[in-house]
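A note on names: the letters A, B, ... follow the listed sequences, proteins ahead of strands, and every chain is numbered from 1.
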There are 2 protein chains.
Amino acid sequence: MNSFNLDAIDRKILRILQDRGDISHAAIAEAVGASPASCWRRIKALETAGVLVKTVSLVDPDLVGRGLNVFCQVRMKSHDPLARRNFERFVESHEEVLECYSMSGDWDYLLRVLVADVADYERLLMRGILTHEAVANSSSHFALKSVKYSTAVPV
Amino acid sequence: MNSFNLDAIDRKILRILQDRGDISHAAIAEAVGASPASCWRRIKALETAGVLVKTVSLVDPDLVGRGLNVFCQVRMKSHDPLARRNFERFVESHEEVLECYSMSGDWDYLLRVLVADVADYERLLMRGILTHEAVANSSSHFALKSVKYSTAVPV
DNA sequence: TGTGAAAATCCTCACGT
DNA sequence: ACGTGAGGATTTTCACA
């Protein structure tokens, strides 16, 4: 059990912060019914514990011409740890790959890739993923629409 | 073409803001080589245009006991728009479902669900997704590890 | 943990270029 | 459209109760 011990107020704070990262401690204090100083101390503790990782601004992909979500299932040639690390570094270095999970089941990895259009994706697939030495094959699935996208972990 | 027209400085600003949403305009100004006022005007324009959606704090799922990512492919009974909307409302109202995409191919929807453990997921699946009137069947895939998770849209 | 206050920072805008 | 400058509000931060 290496999870931070949250009480009710911590949870409230996290819920608020996950919805709006830019908000004054005073406003949080009022919302959770505590003093600003108390909130400040709690937030600082949550930060140093690593519960609060960072605060980021969210950009609308469509409005910057990155409207296409593609999910790519990848199967590796071997399960050799070196090859895996190699592939994971590849993933890490490509900003189009927003998410990557090591999976159970038929496929080794699942990637969420965000690109401008199909041609854009084709480029990444042919010149990146499929040509990677550790990759055996892959299967791509295109999102027609993003129904929901949330960054808020339930607490 | 309904995408915002970004110049080089806008892109720099977005890159910075997507990495750190809490940062002063002055610091941004210095980083991009412009005046704070100019940055402020640009950011405001990006906000009103909807490019900058919101700023949020990110929480480490593991540290709050929500360490299990599950991907759930869902097939609908019919493609009746009403049933779809109904299901999408269901998705929207469940905070464990962080992402949901309408998909091309064999499955109608792909969901990313964040839960505490398998038992937790079983509950959602049996008492939520599978029992939903619009859902025909589903297939679940478990993430063994989160290799990469980024919220930054490439700009 | 809460109150209070001090100091620093930051946002915001008017003006001139 | 950009930069300078400055007012004023807001916020962080901490000492003390």
Side-chain angles (χ1 to χ4, degrees), chain A residues 1-66 116 151-155, chain B residues 1-60 63-65 151-155:
Chain A
M1 179 79 83
N2 51 0
S3 70
F4 195 90
N5 212 325
L6 304 166
D7 68 5
I9 295 182
D10 286 329
R11 291 177 201 279
K12 277 189 189 175
I13 291 176
L14 289 180
R15 272 196 287 269
I16 293 172
L17 249 26
Q18 285 191 107
D19 184 51
R20 300 187 41 195
D22 53 352
I23 187 174
S24 69
H25 294 165
I28 296 174
E30 195 190 11
V32 306
S35 75
S38 175
C39 286
W40 177 74
R41 279 189 284 257
R42 284 169 180 272
I43 291 170
K44 217 165 152 54
L46 290 166
E47 280 169 353
T48 56
V51 175
L52 280 168
V53 181
K54 63 179 343 191
T55 123
V56 299
S57 292
L58 265 28
V59 166
D60 186 325
D62 291 316
L63 293 183
V64 295
R66 286 281 179 142
T151 57
V153 175
V155 289
Chain B
M1 178 81 84
N2 53 358
S3 71
F4 195 89
N5 212 324
L6 304 166
D7 68 6
I9 295 183
D10 286 328
R11 290 177 202 279
K12 278 189 190 173
I13 291 176
L14 288 181
R15 274 196 286 269
I16 293 172
L17 250 26
Q18 286 192 108
D19 184 51
R20 300 187 39 194
D22 53 351
I23 187 175
S24 69
H25 294 164
I28 296 175
E30 195 190 11
V32 306
S35 76
S38 175
C39 287
W40 177 74
R41 278 189 286 258
R42 285 169 180 272
I43 291 170
K44 214 163 155 50
L46 290 165
E47 280 169 352
T48 56
V51 175
L52 281 168
V53 181
K54 63 180 342 191
T55 124
V56 298
S57 291
L58 265 30
V59 166
D60 185 326
L63 293 183
V64 295
T151 57
V153 175
V155 288

Of all the nucleotides listed (C:dT3, D:dT11, C:dT1), which has the minimum atom distance to the side chain of A:Ala37? C:dT3

Using the side-chain heavy atoms of A:His25, tell me which of these nucleotides is nearest: C:dC10, C:dC13, D:dT12. D:dT12

For B:Ile43 and C:dC10, what is the distance between atoms CD1 and P respectively, to the nearest whole Å? 13 Å

Kindly compute the distance separating SG (A:Cys39) from CG (A:Leu17), expressed to the nearest 0.5 Å. 9.5 Å

Are more than 12 heavy atoms, taken from residues, nucleotides or ligands other than B:Asn5, located less than 6.0 Å from that residue's CG atom? no

Look at B:Ser24 and C:dT9 and indicate whether a side-chain polar atom (N or O) is within less than 4.0 Å of OP1 or OP2. no

Using atom CD1 of B:Ile28 as one end and atom P of C:dC11 as the other, report the distance to the nearest whole Å. 8 Å

Whole-Å distance between C:dT9 C1' and B:Asp22 CG? 14 Å

Please state how far atom NZ in A:Lys44 lies from atom C1' in D:dT12, giving the value in whole angstrom units. 10 Å

Report the distance from atom CD1 of B:Ile9 to atom P of D:dG3, rounded to the nearest whole Å. 7 Å

Is the shortest heavy-atom distance from the side chain of B:Leu52 to the side chain of A:Val59 under 4.5 Å? yes

Using atom CD of A:Glu30 as one end and atom C1' of C:dG2 as the other, report the distance to the nearest whole Å. 16 Å

Separation of A:Lys44 NZ from A:Thr48 OG1 (nearest 0.5 Å): 7.5 Å

Nearest-nucleotide 5' precedence on DNA chain D, B:Arg42 against A:Arg41: B:Arg42

Whole angstrom is fine here: how far is it from CG in A:Asp7 over to P in C:dT1? 8 Å

Measure from CH2 on A:Trp40 to P on D:dT11 and round the result to the nearest Å. 16 Å

